[in-house]
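First the proteins, then the strands, lettered A, B, ... as listed; each starts at 1.
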Number of protein chains: 2
Amino acid sequence: MKYGDLIKERRSILGLTQQELSDYCGLSVRIIKSIESEKGNPSLKTMEKIAETLGLELILKVKLPNE
Amino acid sequence: MKYGDLIKERRSILGLTQQELSDYCGLSVRIIKSIESEKGNPSLKTMEKIAETLGLELILKVKLPNE
DNA sequence: AACAAATGTGCAATATAGTGCACTATTGTT
DNA sequence: AACAATAGTGCACTATATTGCACATTTGTT
């Protein structure tokens, strides 16, 4: 699961700075940085706050054999 | 994101107890319980250990407007 | 009903996610 | 080159996820 680049790209498409994203989703800039660079180990709630703000979704599903 | 029931159902399909699942994915039984009942706020690593053990996958993707 | 297996819960301890500050590094613009 | 805006990092602190133990509850089997 490579979430860092997707988040960074998505934020950039929406024209947001890390600071703005952190304001919108109620998280510290610090954590936005660590998540975009995939350092650390975010919680589900943290990931979902970011996802919702950026129009992304976090999904758990059965993994098909052919992928 | 309703992960608790999916995990519980999937574990049951594979014929595993909470104890066995916790052994296989290297987590405490305690955390398996809290995740299946969706109490608490697991980390991505924790979720992915469980997902991998159960043949599930955790995905972050762009949310389409029509859903 | 009695019993065993599996699941749920209170509590205390430890590991680590999340925060804020001050600073550095990068990137882009003139 | 100089400057401004944005992004990355060290440190110490707080909040909370994760753990293990012991016990309670539920579920299934005879």
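Applying the salt bridge (charged side-chain N to carboxylate O under 4.0 Å, His left out) rule to pairs touching residues 5-18 of chain B yields Arg11(B)-Glu36(B), sequence neighbours excluded. For residues 44-55 of chain A, no residue pair satisfies the salt bridge (charged side-chain N to carboxylate O under 4.0 Å, His left out) rule, not counting sequence neighbours.
Counting to the nearest Å, the C1' atom of dT18(D) and the CD1 atom of Ile50(B) are 12 Å from each other. The NZ atom of Lys33(B) sits 19 Å away from the P atom of dA17(D) (whole-angstrom rounding). Taking atom CD of Glu36(B) as the reference point, atom P of dG8(C) lies 7 Å away to the nearest angstrom.
Non-hydrogen atoms lying under 4.0 Å from DNA chain D are contributed by nothing in residues 7-20 of chain B.
For Glu57(B), the salt bridge (Lys or Arg N to Asp or Glu O under 4.0 Å) partners at least two apart in sequence or on another chain are Lys61(A). Taking the salt bridge (Lys or Arg N to Asp or Glu O under 4.0 Å) definition, one finds that Lys63(B) meets it with nothing, sequence neighbours left out. With sequence neighbours excluded, no residue forms a side chain to side chain donor-acceptor pair (under 3.5 Å) with Ser34(A). Applying the side chain to side chain contact (heavy atoms under 4.5 Å, CB included) test to Ser37(B) and every residue at least two apart in sequence or in another chain returns Lys39(B). With sequence neighbours left out, Ser43(B) forms a side chain to side chain donor-acceptor pair (under 3.5 Å) with Asn41(A), Thr46(B).
Two different hydrophobic clusters hold Val62(A) and Ile13(B) under the rule that ILVMFWY side chains link at heavy-atom gaps under 4.5 Å.
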task: Going 5' to 3' through nucleotides 11-30 of chain C, assign each nucleotide B (protein heavy atom under 4.0 Å from a base atom), S (under 4.0 Å only from sugar-phosphate atoms) or - (no protein heavy atom that close).
output: B-----SBBBB---------

